[in-house]
Visitor: 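Have a look at the structure that comes next, please.
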Amino acid sequence: MKKSQKKLRKSTVNNLINYAIVAAFYLVVTVMIQTGSATRHMKSMLVPICVAVILAVSLNLVIGFLGELSLGHAAFMSIGAYTGGLLSKFIANQFPQIPVAVRFPVSLLAGGILGAVFGALVCLVVLRLKGDYLAIVTLAFGEILRSIVINLEFTGGAAGLKGVPQDASFTYGIILVFITLFVIQNLVKSKHGRAIQALRDNTIAATSVGVNATRYKLIVFSLSAFFAGVAGVLYSHNYSILTAGTFDYNYSIEILVMVVLGGIGSIRGSVIAGALIVMLPEMLRSLQDYRMLIYAIVLIVMMIFTSNDTIKMYMAKYNPVNFVKNSMTAKKSQKEEN
Amino acid sequence: MAVKPSERIMVPLPSHSIVPIEDMHKAPVLQTHQLGIDFGGLTAVNNLNLAIGPTEICGLIGPNGAGKTTVFNLLTNVYQPTRGTILLDGYDTKGKSCDQVSKMGIARTFQNIRLFGKMTVMDNVKIGMHNQLHTSLLSSVTHGFGYKQAEKKAYDKAKELLDFFGMADLRHHQAGSLPYGAQRRLEIVRALATNPKILLLDEPAAGMNPSETAELMENIRRIRDEFQIAVMLIEHDMNLVMGICEGICVLNYGEIIAKGTPDEIKANPKVIEAYLGKKADK
Ligand SMILES: Nc1ncnc2c1ncn2[C@@H]1O[C@H](COP(=O)(O)OP(=O)(O)O)[C@@H](O)[C@H]1O
Ligand SMILES: [Mg+2]
């Protein structure tokens, strides 16, 4: 029993570290803003970082925990972006007396819910598909949606949607990152999370012990799309103009790169890689033109590194985090023996 | 047989079935009637009639490719039968999905081990208990509303089960890193965690040495005695089959060619010809 408490504590600590990283980031940035040492350029990256982290963590739920490849995450994001954007614009015009503190959360929720609905719909369509086929359908879905949005009147068409109130702020972004982490980390460490990972490890065995594959695919796809939608709302309330072209497959690939770079199935990795992918191109402006090329190379290198057992072993051996962990557990077991 | 899926059907044991004496007056836990499946032109299983008593240990033997694993796949609804009926605890399983028949009380292991390799031993067993844990999605997402109590209950029960098989010390190990024999045992524990009425074991002794096989035999007996469930096993190890099975079915080319007690099977000329003949030469 004692062991179980220890084990529970260990996994809780792992989650807490992720919250701590986000909190520390928030504190440092707030202090920098207060003391005036944050540049305008830096401030402009804060909300996009939150957007990227939410996107990466929620896509990791599909890729890392359910084990399915989705290439349409930007599409779910665009559903949230337009739903939230249009709703906020409507509220701001019709009911200007409603405060931002009500308007923005309502839009966030609406964008998330509509994202989830589309996530569930796409999931129902691809239910019988696996692997490559599923990835291709999600990719196609994204492209179809983008074409539709460009050709619609009320979304602003190709010119883009103007006049979305700029309700997004770094604080809202961080709160949403916290909520995303809370929900997904908790889910993963529960009966439902175990079932999801069981489906990933061995679908036949999972269904043979009573896991309903359809139900869990639906839960994962809609939850992941919910957070993509929320990220979209945050995104659309950060810029003065919203164009459908933003949410193309390149964007979906960019989110995929965040997940792969951070490590498939690693939530902390997604948080860090999400932030990095936003900051790096901004810092290395001269490489802007080669962005997609660099992403492609990162994907290839990461895939080689994470699929080769020998390389993986060496990486684990010389990974400083693992090194510290191992020496700590070694000490602990020594203590226990004494 | 046209039956509504929800309707429980109780059929008296057919006269040709073999069940232990204490099961004679009870309804069979599993029955099949003229069960069959075709894969394209190939008839893999045909005219299969089985009746298994609620606490029977039943062997399913036959040469390689006879259709034994296919029978298990039919019984657990991995395949939908082309013909025939399956009654599990009296309920027709027609059109049910794998997870639904699991809830109805059938559990299995696989010829090629299918564990959740990246997860811990403990988590593998907890997934076996999936349908006995009533944690809501809300409670999972918030880790509140009874989450802690449910997890503790799951942990305690999983540990108890692992203890029963002497595996409690391995509970924090990754399932994929266990030695072969322990992986086979864990698969059985996971299947038992579903709280089944009947347990299907597909070649549980494959790749085991004699002492491991002896331990397995003992464990199968203990499972039946402690949990009071039926066990049906596919096995090539004749010592194991003859040693613990009360009834044996012999399958050849997808059809049952003999049923009987171990002694009857050993003496059956058809069986010797189809299957044991090669071994008798030794
Ligand atoms: N999914 C399938 N598709 C086509 N043929 C199959 C399938 N599953 C099994 N079979 C065939 O059914 C026959 C019986 O196989 P199986 O049940 O695995 O035999 P065993 O008695 O060795 O377990 C074999 O000829 C096999 O090729
Ligand atoms: Mg077989």
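Here is how names work: the chains are called A, B, and so on, in the same order as the sequence lines, proteins then strands, and each is numbered from 1. Every heavy atom of this structure was used, including side-chain atoms; hydrogens, water molecules and symmetry mates were not.
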Visitor: Determine the option with the most heavy-atom pairs under 4.5 angstrom with chain B, choosing from R194(A), K189(A), Q197(A), Q185(A).
Guide: R194(A)
Visitor: Check each atom of I184(A) against the heavy atoms of chain B and say whether the ones under 4.5 Å are side chain, backbone, both or neither.
Guide: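 It is neither, since no heavy atom gets under 4.5 Å.
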Visitor: Just by distance, do the side chain of T32(B) and the backbone of L50(B) share a donor-acceptor pair under 3.5 Å?
Guide: yes
Visitor: Name the member of T142(B), N131(B), T76(B) that forms the most heavy-atom pairs with chain A at distances under 4.5 Å.
Guide: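 Maximum pair count with chain A is reached by T142(B).
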Visitor: Does a side-chain N-to-carboxylate-O contact under 4.0 Å join E187(B) and R190(B)?
Guide: yes
Visitor: Does a donor on one side chain sit under 3.5 Å from an acceptor on the other, for D38(B) and T82(B)?
Guide: no
Visitor: Where do I54(A) and G173(A) come nearest, in terms of heavy atoms and distance?
Guide: CD1-O, 4.5 Å
Visitor: Check whether S140(B) gets within reach of chain A through its side chain, its backbone, both or neither, counting any heavy atom under 4.5 Å.
Guide: both
Visitor: Can you confirm whether more than 12 heavy atoms, excluding those of Y180(B), are under 6.0 Å from its OH atom?
Guide: yes
Visitor: Do you know which of G193(A), A195(A), A198(A) has the most heavy-atom pairs under 4.5 Å to chain B?
Guide: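 Among the listed options, the one with the most contacts to chain B is A198(A).
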Visitor: Between K118(B), M129(B), Q100(B), which shows the greatest number of heavy-atom pairs under 4.5 Å with chain A?
Guide: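 Heavy-atom pairs under 4.5 Å are most numerous for K118(B).
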Visitor: Minimum heavy-atom separation for V45(B) and G67(B), please, with both atom names.
Guide: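 Smallest interatomic distance, heavy atoms only, reads CG2-O, 3.8 Å.
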Visitor: Could you look at L137(B) and say if it's the side chain, the backbone, both or neither that has a heavy atom under 4.5 Å from chain A?
Guide: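 Looking at L137(B), backbone and side chain both touch chain A.
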Visitor: Who among S97(B), A150(B), S136(B) has the most heavy-atom pairs with chain A under 4.5 Å?
Guide: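 Heavy-atom pairs under 4.5 Å are most numerous for S136(B).
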Visitor: Give me the ring orientation class for H143(B) and Y147(B): parallel if the planes are under 30° apart, tilted from 30 to 60°, perpendicular past 60°.
Guide: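 H143(B) and Y147(B): parallel rings.
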Visitor: For chain A, which of D99(B), L133(B), V78(B), N77(B) has the most heavy-atom pairs under 4.5 Å?
Guide: D99(B)
Visitor: So for D123(B), is it side chain, backbone, both, or neither that comes closer than 4.5 Å to the heavy atoms of chain A?
Guide: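 Contact with chain A: backbone and side chain both.
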